[in-house]
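Structure first, then comments.
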Amino acid sequence: MLKVYNSLTRRKEVFESLIPGYAGMYVCGPTVSGESHLGHARPYITFDVVYRYLMHLGYKVRYVRNITDAGHFEEEGREAEDKISKKAVIEKLEPMELVQKYTNLFHWAFERFNTLRPSIEPTATGHIVEQIEMIKKIIEDGFAYVVNGSVYFDVKKYNEVFAQKGLPYGILSGRVLEEMLETTRELDNQEEKRNKTDFALWKNAPPEHIMRWPSPWGEGFPGWHIECSAMSQKYLGDQFDIHGGGMDLQFPHHEAEIAQSAVCNGRILAKYWMHNNMITINGKKMGKSYNNVIKLSELFTGNHPMLDQAYHPMTIKFFILQTHYRSTLDFSNDALKAADKGLKRLWEAYENLNKLTNDSGQMTDKNNEKSTVNQQPSTEENLDVKIVKLVNEFEEFINDDFNTAKVLANMFELVPIINGIKDKHIAADTISTSTLQLLQQQMKIYVEDILGLQSIQQHNNTQLNGIIELMINLRKEARQKKDYTLSDRIRNELGALGIQLKDEKDGNISYTIG
RNA sequence: GGUCGGAUGGCCGAGUGGCUAGGCAGAGCUCUGCAAAAGCUCGUACAGCGGUUCGAAUCCGCUUUCGACCUCCA
């Protein structure tokens, strides 16, 4: 039974989809006015696991994640310019050219993370009509007003009406409107608003704005929150199951979405609200405003002053999955290096486990092997029971609000067992065939299908692999002749190239690249 | 200032009223021609001060401290 922490109720709740068998999920996607950084990796990896797990549970899932390609106006106005058009001028690019570039980079990065593409990836600019229609409806119902070609949402009026319907403004973030109205903080460019809590649905475009669309209120562009209301409504309906995004979006973005959609649909747009926590760096949130971001491409190449080395996308993904999504996660080189080593060890054990499948004769053939030789005295009477317990807990843990950290911890507890069987520290007949099958089957499901992990190595170069095999054979021959000078030279020089040879117990030699 | 959330061993991080989280690093050992890898063993941590309790890192209060949101932000 899947339980998710619902930000709306601040409790873990049993997940029950609105329509049995189907699940709708909307996740706030990237603003493609710049390159994605490490902080962005968190929500898309987190919700990728949610998506994968819902599918694993048999739901037919529609996963919608928008691309924000229209510049969101800085409502409070100090830098009152459309972000995207501003950057385009600097870089002398067409706005849509810029948008395309960063969209491509986004897709490139998240393919390397092995995240699945959403079912629909709608763009804000592709849904101007829907947004205008929604704004019209909100005006008609009396919850928005027009000033100088701009449209503002009347938060105070909304709250008066909808608080009685159980949807007060602040329902998600726990804010009390009266308190917010009392705040004496003064900001510029607010004179058009009736109250400082009001937010823009549509902004009149000054002449220098490149991105602009005609509307009933003049030429302009949509406000920051309306696209998500419009697009989620279009593709997921008046109400859907999960709305996800970073914690920093809870207020005001999600709060505004709720209000807009409530006016149009009469109810809260999503049943479960899931928010991932932030990635921090030196204890501070990684974010644009702090000027402390590390871009994903910089992480992949190691090309950043704060990085000791390059980190593989899978390492970063593993790093993220080792922490519960609602906890902050602090970036450091040491932490990423630890993740890198841990992942490699886990993956090697996983491959060892899969090999146990291939020559399963070894496992079933209990009688002809003297399994007493090398083994440790088995303090673990029922290794079988232990394995079954660890494996069965995968489901228990992922069901507990997607606790990938605990799933991985259990996998690490299985690693010594798997390696022990492979190296024959543990007799093969200590565990039953059915347990081995369960282990193999569930590991595959969780490692690959649900967590979406992949090998960190590229095995695709057959020429290189052929050459290495050749060197391995030469080394084997040298060792047989006890020509250790030559055998060590082969191993050392390959090692210097990043190809590590390991002499296995059975006389074979395995290797890892990188 | 308001609202909310943290403070866990050298580092990263789970977590629960009593039972070893896990990873990385470190120490010792086994295996090995030597390495590496692997396996075994080990560090007994929960910010501080009170309180509740037979028992609290886990519940309550206070203190210290860090952070998030209130402005674009994943």
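Chain letters run A, B, ... following the sequence lines, proteins first, then strands; residues in each count from 1. These values consider heavy atoms only, across backbone and side chains, with no hydrogens, waters or symmetry-generated copies.
Counting only heavy atoms from C-beta on, A/Ala335 has its side chain closest to B/C12 among B/C12, B/C34, B/A74. Comparing atom distances between the A/Arg42 side chain and each of B/A38, B/A74, B/C69 picks out B/A74 as nearest. Of the listed nucleotides (B/G33, B/A68, B/A14), B/G33 has the atom at the smallest distance from the side chain of A/Arg491. Listed candidates were B/A38, B/C12, B/C73. Nearest to the side chain of A/His40 is B/C73. In the set B/C40, B/C69, B/G15, B/G15 carries the atom at the smallest distance from any side-chain atom of A/Lys406. Closest approach to the A/Arg475 side chain among B/G13, B/C34, B/A74 is made by B/C34 (side chain taken as heavy atoms from C-beta onward). The A/Asp423 side chain lies nearest to B/A38 when the options are B/A38, B/C34, B/G13.
Contacts of A/Ser36 with the nucleic acid, taken as non-hydrogen atoms under 4.0 Å apart, are absent. Across all strands, A/Arg345 comes closer than 4.0 Å only to sugar-phosphate atoms, never to a base (heavy-atom distances). No contact: A/Asn410 has no heavy atom under 4.0 Å from any strand.
An anti base is found at B/G22: its glycosidic angle is more than 90° from 0.
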ask   = Would A/Phe402 and A/Met274 satisfy side-chain contact (heavy atoms from CB on, under 4.5 Å), going step by step from the backbone distance to the final call?
value = CA-CA 11 Å; A/Phe402 303 95; A/Met274 293 177 65; 3.8 Å; yes
query = Under the side-chain contact (heavy atoms from CB on, under 4.5 Å) criterion, do A/Ile472 and A/Glu477 qualify, and how do the steps go?
reply = CA-CA 9 Å; A/Ile472 283 175; A/Glu477 287 169 24; over 6 Å; no
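You can call A/Tyr484 stacked on the base of B/G33; the centres are under 5.5 Å apart and the planes sit within 30°.
With A/Ser7 as the partner, the side chain to side chain donor-acceptor pair (under 3.5 Å) test is satisfied by one option alone out of A/Arg326, A/His254, A/His243, A/His275: A/His275.
Residue A/Lys285 places none of its side-chain N or O atoms closer than 4.0 Å to OP1 or OP2 of B/A68. A close approach under 4.0 Å does occur between a side-chain nitrogen or oxygen of A/Lys341 and OP1 or OP2 of B/A25.
For the pair A/Arg65 and A/Tyr44, the cation-pi test (distance below 6.0 Å, angle within 45°) is passed.
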